[in-house]
Amino acid sequence: MERFNMEKTARTRFAPSPTGHMHFGSARTALYDYLLARQTGGQFILRIEDTDKKRTVEGAEEELYAGLRWLGLQWDEGPQVGGQYGPYRQTERKEIYLQHARRLVETGHAFYCFCTPETIKAEREKQIANKENTHYSGTCRNLSLTEADQRIAAGETFVIRFKTPLDGVTRVVDELRGEMVIDNRTLDDIILIKSDGFALYHLAAVVDDHLMEITHVFRGAEWLPTFPLHALIHRAFGWVEPKWIHLSVFLKPSGKGKMSKREAADLIQDGRSIFIKDLLELGYLPEAVNNWIALMGWSYDDHTEFFTLPDLVEKFSIQKLNPSPAAINFTKLDHFNGLHIRNLTVDDLAQRLKPFFEKAGYKVDIDVLRKITPIIQERLVTLDDAIPLAGFFFEEKVSPILDELIAKKLDAAGTLEIARKILAVLEAVPNLELDTVEPPLRTLVEKTGLKPGQVFGILRVAVTGLMVSPPLFESLAIIGREKVIERLKIAIALLEESNDR
RNA sequence: GCCCCCAUCGUCUAGCGGCCCAGGACGGAGCCCUCUCAAGGCUCAAACAGGGGUUCGAGUCCCCUUGGGGGCACCA
């Protein structure tokens, strides 16, 4: 156990904005938040950052809740569960930000700005034309409070900007990268409060993190450039900063850049997705998704890779986090999914498989499914794979293809002959249990002098309609003698018909 | 353009100065097992970006170059 984690309990927060589908990048941040909170006996807080009403998407918040719950990351405080530090939705905290911004203005750390978006835009264009760095020119920076208040009273619209130090440096510490020293001249007077009265992320996040007593902030590395500003805001209030942990960004599978919205949406055509809701539908297990994303940017040692959520709670540590960007590797997700599927109990797997069969249009008898499950368990990469592999168990009839029915190195006539012999064996046997069918069929193989694969292949295609199926004898027992014989007879008829031509 | 971050097999990574002619995993190749497909077992190919330092000793520390990534909004 990490000594520093033992010292105090952590309060972490997952603070998404409800502007689109939840993807595994945010899921990974939430996971780390959850792990640290659980490990230290602290709290995992969910806060909705919805200050930009224009970008808020209907239903996105619900998708977030569903995604977190699916992954098993239940939050201790936040929407739907409440808590002592609410409200947990930023649009409900507008006044808090306004008061805090005013406080910064009064202490000389911020200022009212009356410049219009148009003048700012013109200013920026001029700077670009002159090859200067774009930044706020400082027109309103030294307006007196009394003058500003008069203009506000007169009805002028305003924003509140942070008064960034003009010189010197700002030193900040990221837990993964150590100290960063930034020249204050490269920092802009960012907007804290928009003209609509809502706070921008920079102010809202800082104020909330402090008020909610957040101890550790996990967030994406895309926040690194504004990190000094956020630290400066904390300091302007005289507050103690939380520990900052900037997580590496995810690159597209090729490793060439971040995935665009378009590319993310197109992935689904290949049966892959970065969105949590899709992963569920594609047949991935939340256990596998957690395992996979946990390892993208974190490792435990030089050989352990299989982790359940409780394992992760126990073993996670900030100091083993990796700051370098990581390319997404979907085949590794497949691997973990197979591993976790095999780790499930038969009963559990059968329950999870059921909706997939139903979605495919099958009427599922859970007792039959329970019998099927053990023989397909180690063959599944995703839950969805079960349908093409085992759908025939729930079909009335199967449709073998003649060419596939004909055994390797045999013609239709030869295959027909063998098929008839198989039928004879099956009819002679009292039932189709493993112990009763397998020995006589193997004897048959010996008598024919053919390869086991040739003989069993004929039966397989006849009974399952598939070239590739779960183990044959186990399958026969589940399908039942009556259906097996019926299917075999249909196959024999098919062979006879082709033989007649 | 400016600012910031990063840099070990194709990919995810272990490595926090000697344990490393660099370990694991995915993927790839091969073999074994075998009624198909899997699963499993074994084997193989595959990396410290380059150059300077520091040191008795550098993948590990420092600098430069190169490469990659991120950010420069009244978005988060």
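Excluded from the calculations below are hydrogen atoms, water molecules and symmetry mates; all remaining heavy atoms, backbone and side chain alike, are included.
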Engineer: Could you check whether A:Thr19 gets within reach of a base, just the sugar-phosphate, or nothing at all, counting any heavy atom under 4.0 Å?
Structural biologist: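 Contact class for A:Thr19: none.
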Engineer: If you count heavy atoms of other groups shown closer than 6.0 angstrom to CD of A:Glu179, is the number above 12?
Structural biologist: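 Result for CD/A:Glu179: enclosed.
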Engineer: On a whole-Å scale, what distance lies between the P atoms belonging to B:G59 and B:C9?
Structural biologist: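 Nearest-Å result for B:G59 against B:C9 at atom P: 15 Å.
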Engineer: Round to the nearest Å and state the distance from A:Lys409 atom NZ to B:U36 atom P.
Structural biologist: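 One finds 14 Å between P of B:U36 and NZ of A:Lys409, rounded.
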Engineer: Can you check whether A:Ser299 has a side-chain N or O nearer than 4.0 Å to OP1 or OP2 of B:A14?
Structural biologist: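 Yes, within the criterion.
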Engineer: Roughly, in whole Å, what's the span from CG in A:Leu339 to C1' in B:G40?
Structural biologist: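 About 12 Å, once rounded to whole Å.
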Engineer: Between the side chain of A:Tyr32 and the main-chain N/O of A:Ala294, is any donor-acceptor distance below 3.5 Å?
Structural biologist: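 Side chain of A:Tyr32 to backbone of A:Ala294, a donor-acceptor pair under 3.5 Å: yes, one is there.
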Engineer: Considering only the P atoms, how many Å lie between B:C74 and B:A14, rounded to the nearest integer?
Structural biologist: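 The answer is 39 Å between these two P atoms.
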Engineer: Taking the side chain of A:Asn133 as its heavy atoms from C-beta onward, which of B:C2, B:C74, B:G27 lies nearest to it?
Structural biologist: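 Of the candidates, B:C2 comes closest.
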Engineer: Is A:Arg442 close enough to B:C35 that one of its side-chain N or O atoms is under 4.0 Å from OP1 or OP2 there?
Structural biologist: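 Answer is yes, contact under 4.0 Å.
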Engineer: Under a 3.5 Å cut-off for both contacts, is B:C26 paired Watson-Crick or G-U wobble with anything, and if yes, with which nucleotide?
Structural biologist: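 Because both required distances fall under 3.5 Å, B:C26 counts as paired with B:G10.
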Engineer: When the C1' atoms of B:C19 and B:A58 are considered, how many whole Å apart are they?
Structural biologist: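 Taking atom C1' in both B:C19 and B:A58, they lie 15 Å apart.
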Engineer: With heavy atoms under 4.0 Å as the rule, sort A:Lys332 into base, sugar-phosphate or nothing.
Structural biologist: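 Answer is base: heavy atoms of A:Lys332 come under 4.0 Å of a base.
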Engineer: Applying the Watson-Crick and G-U wobble criteria at under 3.5 Å, what pairs with B:C72? Answer none if nothing qualifies.
Structural biologist: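 Pairing partner, where one exists within any strand: B:G1.
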Engineer: Once you apply a heavy-atom cut-off of 4.0 Å, does A:Pro253 come out as touching a base, just sugar-phosphate, or nothing?
Structural biologist: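 No contact at all - A:Pro253 keeps every heavy atom at 4.0 Å or more from the nucleic acid.
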Engineer: Give a yes/no on whether any side-chain N or O of A:Arg124 is located under 4.0 angstrom from OP1 or OP2 of B:C74.
Structural biologist: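 So the side chain of A:Arg124 is within the cut-off, an N or O lying under 4.0 Å from OP1 or OP2 of B:C74.
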Engineer: When the C1' atoms of B:C20 and B:G28 are compared, how many Å lie between them, rounded to an integer?
Structural biologist: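 Nearest-Å result for B:G28 against B:C20 at atom C1': 25 Å.
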Engineer: By nearest atom, which of the nucleotides B:A25, B:A76, B:G23 is closest to the A:Asp302 side chain?
Structural biologist: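 Within the option list, the nearest is B:G23.
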Engineer: With a cut-off of less than 4.0 Å, is there a side-chain N or O of A:Lys320 near OP1 or OP2 of B:C16?
Structural biologist: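 No, A:Lys320 has no side-chain N/O under 4.0 Å of OP1/OP2 on B:C16.
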Engineer: May I ask you to decide if the ring planes of A:Trp223 and A:His230 are parallel, tilted or perpendicular, using 30° and 60° as cut-offs?
Structural biologist: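 A:Trp223 vs A:His230 ring planes: tilted.
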Engineer: Do the side chains of A:Ile318 and A:His216 get nearer than 4.5 Å, heavy atoms only?
Structural biologist: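 Yes, at least one pair of side-chain atoms sits under 4.5 Å.
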Engineer: What is the distance, rounded to the nearest whole Å, between atom CG of A:Asp334 and atom P of B:C26?
Structural biologist: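 So the two atoms are 13 Å apart, to the nearest Å.
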Engineer: Does CZ in A:Arg171 sit with more than 12 non-hydrogen atoms of other residues, nucleotides or ligands closer than 6.0 Å?
Structural biologist: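 Open.
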Engineer: Name the closest nucleotide to the A:Lys194 side chain, picking from B:C74, B:A39, B:U13.
Structural biologist: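 For the A:Lys194 side chain, the nearest candidate turns out to be B:C74.
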Engineer: Counting any heavy atom closer than 4.0 Å, what does A:Leu472 reach on the DNA or RNA strands: base, sugar-phosphate only, or nothing?
Structural biologist: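 Contact class for A:Leu472: base.
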Engineer: Using a 6.0 Å cut-off, check whether atom OH of A:Tyr300 has over 12 heavy atoms from anything other than its own residue.
Structural biologist: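 Count not over threshold, so no.
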Engineer: Check for a donor-acceptor pair, side chain of A:Asn291 on one end and backbone N or O of A:Phe306 on the other, with a separation under 3.5 Å.
Structural biologist: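 The answer is no, because no donor-acceptor pair under 3.5 Å joins these two groups.
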Engineer: Can you tell which of B:C75, B:C37, B:C35 lies closest to the side chain of A:Val468?
Structural biologist: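 The listed nucleotide nearest to A:Val468's side chain is B:C37.
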Engineer: Contact class for A:Asp188 vs. all strands (heavy atom < 4.0 Å): base, sugar-phosphate, or nothing?
Structural biologist: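 If one applies the 4.0 Å heavy-atom cut-off, A:Asp188 turns out to touch nothing in the nucleic acid.
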Engineer: Side chain of A:Leu200: nearest nucleotide among B:G69, B:G70, B:C75?
Structural biologist: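 Comparing B:G69, B:G70, B:C75 against the side chain of A:Leu200, the answer is B:C75.
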Engineer: So which one's nearest nucleotide on RNA chain B is more toward 5', A:Phe158 or A:Val181?
Structural biologist: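 Nearest nucleotide further toward 5': that of A:Val181.
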Engineer: Closest approach to the side chain of A:Tyr201, judged atom by atom: which nucleotide of B:A76, B:C35, B:C6 is it?
Structural biologist: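 Within the option list, the nearest is B:A76.
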Engineer: What distance, rounded to whole Å, do you find between the two C1' atoms, one in B:C6 and one in B:U65?
Structural biologist: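 To the nearest whole Å, 16 Å.
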Engineer: Can A:Arg442 and A:Glu438 be counted as an ion pair, charged N to O under 4.0 angstrom?
Structural biologist: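 A:Glu438 and A:Arg442: salt-bridged.
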Engineer: Quantified in whole Å, what is the C1' atom distance between nucleotide B:A29 and nucleotide B:A45?
Structural biologist: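 The same atom, C1', in both gives a distance of 8 Å.
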Engineer: Give A:Glu118 one of three labels, base, sugar-phosphate or nothing, depending on what nucleic acid heavy atoms sit under 4.0 Å from its own.
Structural biologist: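 A:Glu118: no heavy atom of the nucleic acid under 4.0 Å.
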Engineer: A:Pro323 side chain: which of B:C6, B:C26, B:C74 is closest?
Structural biologist: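 For A:Pro323, the side-chain atoms sit closest to B:C6.
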Engineer: Classify the nucleic acid contact of A:Pro452 as base, sugar-phosphate or nothing, counting any heavy atom under 4.0 Å across all strands shown.
Structural biologist: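 Sugar-phosphate only.
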Engineer: Within the 4.0 Å heavy-atom criterion, would you say A:Arg55 contacts the bases, only the backbone, or no part of the nucleic acid?
Structural biologist: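 The answer is base, as A:Arg55 lies within the cut-off (heavy atoms under 4.0 Å) of a base atom.
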Engineer: At under 4.0 Å between heavy atoms, what does A:Phe473 touch on the DNA or RNA strands: base, sugar-phosphate, or nothing?
Structural biologist: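 Contact class for A:Phe473: base.
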Engineer: What is the nucleic acid contact for A:Val249, judged by heavy atoms within less than 4.0 Å: base, sugar-phosphate only, or nothing?
Structural biologist: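 Sugar-phosphate contact only.
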Engineer: Please determine whether a side-chain nitrogen or oxygen atom of A:Ser248 lies at a distance below 4.0 Å from atom OP1 or OP2 of B:C5.
Structural biologist: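 Checking B:C5 against A:Ser248, no side-chain N or O comes under 4.0 Å of OP1 or OP2.
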Engineer: Please measure how far the P atom in B:U60 lies from the corresponding atom in B:A49, and state the result in whole Å.
Structural biologist: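 Each nucleotide's P atom is 8 Å from the other's.
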Engineer: OP1 or OP2 of B:U34 less than 4.0 angstrom from a side-chain nitrogen or oxygen of A:Lys451, does that happen here?
Structural biologist: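 Negative; the distance criterion is not met.
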Engineer: Between A:Asn329 and B:U13, does any side-chain N or O lie under 4.0 Å from OP1 or OP2?
Structural biologist: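 No, outside the criterion.
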Engineer: How is A:Gly257 classified with respect to the nucleic acid when contacts are heavy atoms under 4.0 Å: base, sugar-phosphate, or nothing?
Structural biologist: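 Sugar-phosphate, no base atom in range.
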Engineer: Counting any heavy atom closer than 4.0 Å, what does A:Cys113 reach on the DNA or RNA strands: base, sugar-phosphate only, or nothing?
Structural biologist: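 It contacts nothing in the nucleic acid.
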Engineer: For B:A38, which nucleotide in any strand shown is its Watson-Crick or wobble partner with both distances under 3.5 Å?
Structural biologist: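 Checking every strand shown, B:A38 finds no partner, since no pair has both distances under 3.5 Å.
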Engineer: Would you indicate which nucleotide in B:G40, B:G24, B:A76 comes nearest to any side-chain atom of A:Glu49?
Structural biologist: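 The listed nucleotide nearest to A:Glu49's side chain is B:A76.
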Engineer: Between B:C74, B:C12, B:C35, spot the one nearest the side chain of A:Pro471, thanks.
Structural biologist: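 Looking only at heavy atoms from C-beta outward on A:Pro471, the closest nucleotide is B:C35.
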Engineer: May I ask you to say what A:Lys256 touches in the nucleic acid, namely base, sugar-phosphate or nothing, with a heavy-atom cut-off under 4.0 Å?
Structural biologist: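 If one applies the 4.0 Å heavy-atom cut-off, A:Lys256 turns out to touch the sugar-phosphate alone, with no base involved.
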Engineer: Checking only heavy atoms, does the side chain of A:Thr186 share a donor-acceptor pair with the base of B:C2 at less than 3.5 Å?
Structural biologist: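 Check fails, no donor-acceptor contact within cut-off.
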Engineer: Going by modelled atom types, is there a donor-acceptor pair between the base of B:C37 and the side chain of A:Arg379 at under 3.5 Å?
Structural biologist: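 Between B:C37 and A:Arg379, which were checked side chain against base, a qualifying N/O pair under 3.5 Å is present.
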Engineer: For a quick check under 3.5 Å, do A:His135 and A:Asp188 share a side-chain donor-acceptor pair by atom type?
Structural biologist: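 No, because no side-chain N or O of A:His135 sits under 3.5 Å from a partner of the opposite role on A:Asp188.
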Engineer: Pick the nucleotide of RNA chain B nearest each of A:Glu378 and A:Thr51; which residue has the one closer to the 5' end?
Structural biologist: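 Result of the comparison: A:Glu378.
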Engineer: Does B:C19 pair with anything, Watson-Crick or G-U wobble, both distances under 3.5 Å, and if so, with which nucleotide?
Structural biologist: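 Per the H-bond distance test, none.
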Engineer: Does a side-chain N or O of A:Lys54 approach OP1 or OP2 of B:C75 to a distance below 4.0 Å, or not?
Structural biologist: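 A:Lys54 to B:C75 OP1/OP2: side-chain N or O found under 4.0 Å.
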Engineer: When you check the phosphate oxygens OP1 and OP2 of B:C26, does a side-chain N or O of A:His335 lie under 4.0 Å from one of them?
Structural biologist: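 Checking B:C26 against A:His335, a side-chain N or O does come within under 4.0 Å of OP1 or OP2.
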Engineer: Can you figure out which of B:G40, B:G24, B:C74 approaches the side chain of A:His303 most closely?
Structural biologist: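 Comparing B:G40, B:G24, B:C74 against the side chain of A:His303, the answer is B:G24.
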Engineer: Can you establish whether the number of heavy atoms outside A:Arg185 located under 6.0 Å from its atom CZ is more than 12?
Structural biologist: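 No.
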Engineer: Quick one: label A:Pro228 by what it contacts on the DNA or RNA (base, sugar-phosphate, nothing), any heavy atom closer than 4.0 Å.
Structural biologist: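 Touches nothing.
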